[in-house]
Structures are given as C-alpha cells and as structure tokens.
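See below for the structure under consideration.
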Amino acid sequence: MKIEATSKNTLVISLSCQDMQELGITYEDMDYNSIDTRRVIYTLLQKANLALNKDIHPSGKMVIEAVPDTSGGCVLYFTVYQIDADRDEVFPTAMPFICVSEFKDENELIDASRAIMSCFLSPPESKLYSNGTRYRVVFNGMSNHRKLKSVLTEYCEDLSESKAKIAQTKEHWRCLCDSRAIEHLGTS
C-alpha cells in the first residue's frame, strides 16, 4: 500500500492485489452503497491519517475515484472539499527530503528501525552503509520527514541533511543494503 498527498486536498492510495485481499474486497465489489466498501474506505482513511498525521473524517465532503491497476490492485483518489477557503492545507504537500543518520552500533540501528516501522505504514526509502565500526542510514522520501527526524533523534548519534555528508557516505562507506534497509531491519 502506498499513501501519498499529491496536492493540498488530494490523497492517492495505491493498493496491490495483496492489499485488496487483506482488506477483503475486489475492484468489482466496490460500491459506496455497500457497507463493506464503506468499511474499507474508513480503514484506508484511518491509515492515511496516521501516515500523514491528519484528521480526515470519512463522512466529510469528498470525491472518491477508484481506478483498476493492471497488477490486480487499484488506485483510489480522494479529493477532499474544504469548507473554508482560508483553512490550512488538508494534506501536507509532498516535499522531497534526504538525510543521513549515524548509529554507534547495530542495537541502536535495529531499535530505530523497529520504532520507524511502528510509526510509519510506508517508511521512506533507506540505504544502509557501514565503515566497519559504525552505521549510517541514508533516507530519501517525500513526506513526514519531521516525524522521521523525531523518531531518529532518540536513537542515532548524528542526524544531518548535509549533501556533503551524504555524498561522503555514499562514496567512502560500504553499502550493506541498497533498498528498504529500515524495512528489512525492522521486521527481522
């Protein structure tokens, strides 16, 4: 499942075939008049609220579009209508970020990974590096970087958005995992 805010009032949730099976619904079964479909929408909006740190209520005014995916899943587009034009953005707009965090040992790294996995439905992309005694994780994502930073500061010794430090890590440290490192560590 992939959850992202594509504009200030549009949310996109991409569901794989497996996600749809876990939710107990197929694209063909989706009908807003069905209680099962409403249950799924409510569940998805709860997950989006957690992932985006927002409070979007399923009974609010919105347009929901479902588009089938060639892989057997589907993509849901939620467009939330704002009551007051001066209100804050409904969804935080996705902003790219990249940062590197340094850990003194594998215990801190694993504890941080588990904490991140418990806070995020879809953690940002991460790569793991080592210099033989210490570990660095380079994160590359689109949203919730403040939440990620607050979790990381509890476990890592150094957190930086310095492009020089990130480049130095990529060039001089050995890459141990070049994709989804936090997910691999957090579920082991």
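Just so it is clear, the values below take in all heavy atoms, side chains as well, and ignore hydrogens, waters and symmetry mates.
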Practice task
Could you verify whether a donor N or O on one side chain and an acceptor N or O on the other, from Arg174 and Ser130, lie under 3.5 Å apart?
Solution key: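 Their side chains do not contain a donor-acceptor pair, so the 3.5 Å distance test is not met.
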Exercise for the section: Could you tell me whether the side chains of Tyr135 and Glu106 share a donor-acceptor contact shorter than 3.5 Å? Expected result: yes
Set of residues satisfying side-chain hydrogen bond (donor to acceptor under 3.5 Å, both in side chains) with respect to [X], sequence neighbours excluded:
{"X": "Gln21", "answer": "none"}
{"X": "Ser150", "answer": "none"}
{"X": "Asp29", "answer": "Thr26"}

[X] side-chain N/O to [Y] backbone N/O, donor-acceptor pair under 3.5 Å:
{"X": "Asn49", "Y": "Leu52", "answer": "no"}
{"X": "Asp69", "Y": "Gly72", "answer": "no"}
{"X": "Thr37", "Y": "Tyr32", "answer": "no"}
{"X": "Asp19", "Y": "Ser16", "answer": "yes"}
{"X": "Ser126", "Y": "Val137", "answer": "no"}
{"X": "Glu125", "Y": "Arg180", "answer": "yes"}

Problem - Stepwise side chain to side chain donor-acceptor pair (under 3.5 Å) check, Thr133 with Asn131 - result: CA-CA 6 Å; Thr133 58; Asn131 70 353; 3.3 Å; yes
Practice task
Answer yes when Arg134 and Glu102 have at least one side-chain N-carboxylate O distance shorter than 4.0 Å, and no when they do not.
Solution key: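 A salt bridge is present here (some side-chain N lies under 4.0 Å from a carboxylate O).
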Practice task
Could you tell me the separation between the OG atom of Ser101 and the CG atom of Leu159, rounded to the nearest 0.5 Å?
Solution key: 6.0 Å
Handout entry: Pairwise distance CD(Glu171) to OG1(Thr169) - rounded to 0.5 angstrom
Key = 10.5 Å
Exercise for the section: Under the side-chain contact (heavy atoms from CB on, under 4.5 Å) rule, what do Phe78 and Leu45 come out as? Steps first, then yes or no, please. Expected result: CA-CA 9 Å; Phe78 295 83; Leu45 286 174; 4.0 Å; yes
